[in-house]
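In the text below, chain A, chain B and the rest are named by the order of the sequence lines, each starting its count at 1.
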2 protein chains.
Amino acid sequence: MSISSRFAVAIHILSLLGMNKDQVNTSEWIAGSVNTNPVVIRKITGYLKNAGLVHVRPGVAGASLARDLSEISLLDVYKAVQVVPENELFGIHDQPNPACTVGRNIQQAIEPLFATAQLALEKALGNVTIADVVSNILERERLRSN
Amino acid sequence: MSISSRFAVAIHILSLLGMNKDQVNTSEWIAGSVNTNPVVIRKITGYLKNAGLVHVRPGVAGASLARDLSEISLLDVYKAVQVVPENELFGIHDQPNPACTVGRNIQQAIEPLFATAQLALEKALGNVTIADVVSNILERERLRSN
DNA sequence: GTTACATGTAATATAATATGTTACAGGTTG
DNA sequence: CAACCTGTAACATATTATATTACATGTAAC
């Protein structure tokens, strides 16, 4: 099973906001680019707002960036949209048998190992910003027109 | 959402097999330690068998290691039990709008970034073996008895 | 202040998935 | 043959992701 595409959609949204700073980006308009329902966009935008990444206000059309794209890492977005429960990228089976040596120690033995792997993932996400994503998009667009 | 605990259970199983090499480890016995149904164990053991990590035969009681524990990394197990579709740790929304600059480039722009993060995760998992896990378990067990 | 329109959010529908369980077919050993 | 195990299909249940409808609330323009 994969990590929710909500993460990818959030990146899509932020890229749009960065490229259309002078436009009014309504949830319906964004939904048209992402190809989903406006409510889905509003929900995700809500996560981004709570994380302080975008500005949105009830009744006022459009979302806008709260920070420069170069100051929003993929990790910021990843955490904002909560696609993975905090420190629980890897699920652990609960209630192993305490009467067994392995059973009564496995959870604590595994936990730090999983945490290390998770941190490696997060560090990689922290090394990239949405500005990088937009640069990449623009580069690809340039190549298309040739 | 977290990665299936099937991964953690598989580590549990292999740890058991390593610590009880002289015993006959039936699916029912293992299930008792993991605290689940024997069929679940047999299913996971099947994955491990397909990956060449354990020996099991229809009709013959017990599973056993096909390799030394020090030669089974968490990454081997992770891949064996297929808790994540190949190269798709991160889900991507499909069919973004091709009429939009972002829509028609976002997938290809994001893909390599996600791949890099995924590789970082896998590399971390590759650095640890089941032997390390068992050592950790034994160390914790020693501390308990003091 | 009322009209038009946008966001926020609850409620619901549907599909996919994880986990557990029953049932049983087929293999192996004594 | 008898006892027992693994492999696996079939099914139940719970959880989750995504989409959708409906509507309450906020804002701005006229």
Using a cut-off of strictly less than 4.0 Å between a heavy atom of the residue and any atom of DNA chain C, enumerate the qualifying residues of residues 37-45 of chain A by number.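 Contacts with DNA chain C under 4.0 Å: A/V39, A/R42.
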Tell me which residues in residues 54-63 of chain B lie within less than 4.0 Å of DNA chain C, going by non-hydrogen atoms.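 When residues 54-63 of chain B is checked for heavy atoms under 4.0 Å from DNA chain C, the hits, listed by number, are B/R57, B/P58, B/G59, B/V60.
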If I take atom [atom1] in residue [X] and atom [atom2] in nucleotide [N], what distance separates them, rounded to the nearest angstrom?
X: B/E88; N: C/dA16; atom1: CD; atom2: P; result: 15 Å
X: B/I3; N: C/dA18; atom1: CD1; atom2: C1'; result: 14 Å
X: B/D94; N: D/dA17; atom1: CG; atom2: P; result: 16 Å
X: B/I92; N: D/dT18; atom1: CD1; atom2: P; result: 12 Å
X: A/Q23; N: C/dA6; atom1: CD; atom2: P; result: 14 Å
X: A/I30; N: C/dA6; atom1: CD1; atom2: P; result: 13 Å
X: B/E28; N: D/dC5; atom1: CD; atom2: P; result: 7 Å
X: B/N25; N: D/dT6; atom1: CG; atom2: C1'; result: 14 Å

Which atom names give the shortest non-hydrogen contact between [X] and [Y], and what distance separates them?
X: B/G52; Y: B/A66; answer: O-CB, 3.4 Å
X: A/V24; Y: A/A61; answer: CG1-O, 3.7 Å
X: A/R104; Y: B/E141; answer: NH2-OE2, 2.7 Å
X: A/P96; Y: A/I106; answer: CG-CG2, 4.1 Å

Distance test, side-chain N/O of [X] to OP1/OP2 of [N], below 4.0 Å:
X: B/S5; N: C/dT19; result: yes
X: B/S4; N: C/dA18; result: no
X: A/S27; N: C/dT7; result: yes

Ring pair (Phe, Tyr, Trp, His ring centres under 6.0 Å) against A/Y47, all qualifying residues, sequence neighbours excluded: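 Checked A/Y47 against ring pair (Phe, Tyr, Trp, His ring centres under 6.0 Å); zero matches.
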Measure up the A/H12 and B/H93 rings against each other and bin them: parallel (under 30°), tilted (30 to 60°), perpendicular (over 60°).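 Rings of A/H12 and B/H93: tilted, 30 to 60°.
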Plane angle bin for B/F90 and A/F7 - parallel if under 30°, tilted between 30 and 60°, otherwise perpendicular: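 Geometry flag for B/F90 against A/F7: tilted rings.
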Looking at B/I13, B/L14, B/N20, which hits side chain to side chain contact (heavy atoms under 4.5 Å, CB included) with B/L16?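 For B/L16, the side chain to side chain contact (heavy atoms under 4.5 Å, CB included) check succeeds only for B/N20.
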Cut-off 3.5 Å, side chains only: do B/S73 and B/D76 have a donor facing an acceptor?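 Present: a donor and an acceptor within the cut-off.
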